[in-house]
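Structure first, commentary second.
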Amino acid sequence: MQRFNLNNKTFLLLENSENGKVNSDTIFRYQQEGDLVTAEYDGGPIRYGKIIAQLDGDKLQMLYQCLTVEGELKAGKANAQIRVDENKKIHLHLDWKWLGDSSKKGTSEYIEN
């Protein structure tokens, strides 16, 4: 049994590196079946995005892709650390990088809505 259940949870951005694309208007909707985690996201600068990830304990290995409202296709990968705060809200802390340009990387944090 998995320690974390992300099924039917929504997440919002807490903070993001300057070269990240999402903002506080972007909503992430997660689904989970065992160690398979997926999400769809949109809002703000993101027209549509999709995540596929594998859960291992308190870590997620993620691949993501999106189409921005400006018509830009982006893809990347991330490693996420999962934690629960004192209010029982799940936080995802991501170390990410865009594919195709390894110099464009950053960190972001999301909180369960």
Task: Geometric cation-pi criterion K74 and W98, 6.0 Å radius, 45° cone - done: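 Yes, cation above the ring, under 6.0 Å and within 45°.
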Find the distance between [atom1] ([X]) and [atom2] ([Y]) and round it off to the nearest 0.5 Å.
X: T38; Y: L63; atom1: OG1; atom2: CG; result: 13.0 Å
X: Q31; Y: E33; atom1: CD; atom2: CD; result: 8.5 Å
X: N7; Y: L36; atom1: CG; atom2: CG; result: 10.5 Å

Task: Single-linkage hydrophobic cluster, 4.5 Å side-chain cutoff, L12 and I90 together - done: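 L12 and I90: separate clusters.
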Open item on the list: Would a single hydrophobic cluster contain both Y41 and I111, if residues Ile, Leu, Val, Met, Phe, Trp and Tyr are joined by side-chain heavy-atom contacts under 4.5 Å?
Closed with: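 Looking at the clustering, Y41 is in a separate group from I111.
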State, yes or no, whether a side-chain contact exists between [X] and [Y] at a heavy-atom distance under 4.5 Å.
X: Y64; Y: L99; result: no
X: L92; Y: E112; result: no
X: K59; Y: N79; result: no
X: L13; Y: S108; result: yes
X: N113; Y: F28; result: no
X: L60; Y: V37; result: yes

- [ ] If a pair satisfies salt bridge (Lys or Arg N to Asp or Glu O under 4.0 Å) and one of its residues is in residues 75-90, list it, with sequence neighbours excluded.
- [x] R83-E109
Open item on the list: Checking T107 against H93 for the side chain to side chain contact (heavy atoms under 4.5 Å, CB included) test, could you report, in this order, the C-alpha distance in whole Å, the side-chain angles of both residues, the deciding distance, and whether it holds?
Closed with: CA-CA 7 Å; T107 61; H93 184 290; 4.1 Å; yes
Open item on the list: With side chain to side chain donor-acceptor pair (under 3.5 Å) as the rule and sequence neighbours excluded, what pairs involving residues 10-22 come up?
Closed with: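 Checked against side chain to side chain donor-acceptor pair (under 3.5 Å) - neighbours excluded - the pairs reaching residues 10-22 are K21-E72.
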- [ ] Apply ring pair (Phe, Tyr, Trp, His ring centres under 6.0 Å) to the pair Y110 and F11, showing each step before the final yes or no.
- [x] CA-CA 6 Å; Y110 302 86; F11 287 82; 7.7 Å; no
Task: Residues D42 and R29 bridged, charged N to O under 4.0 Å - done: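 A salt bridge links D42 with R29.
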Task: Main-chain N/O of F4 paired with Q32 side-chain donor or acceptor, under 3.5 Å - done: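 At least one qualifying donor-acceptor pair exists.
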TODO: For residues N23 and D25, report the shortest heavy-atom separation together with the two atoms involved.
DONE: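 For N23 and D25, the tightest heavy-atom pair comes out as OD1-N, 2.8 Å.
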TODO: Might you confirm whether atom CD of Q61 has over 12 heavy atoms from other residues, nucleotides or ligands at distances under 6.0 Å?
DONE: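 For Q61, atom CD is not crowded (no more than 12 foreign heavy atoms under 6.0 Å).
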Got a list of side-chain donor-acceptor pairs under 3.5 Å for residues 45-55, not counting sequence neighbours?
residue	atom	partner	partner atom	Å
Y48	OH	E40	OE2	3.1
Q54	NE2	D35	OD2	3.0

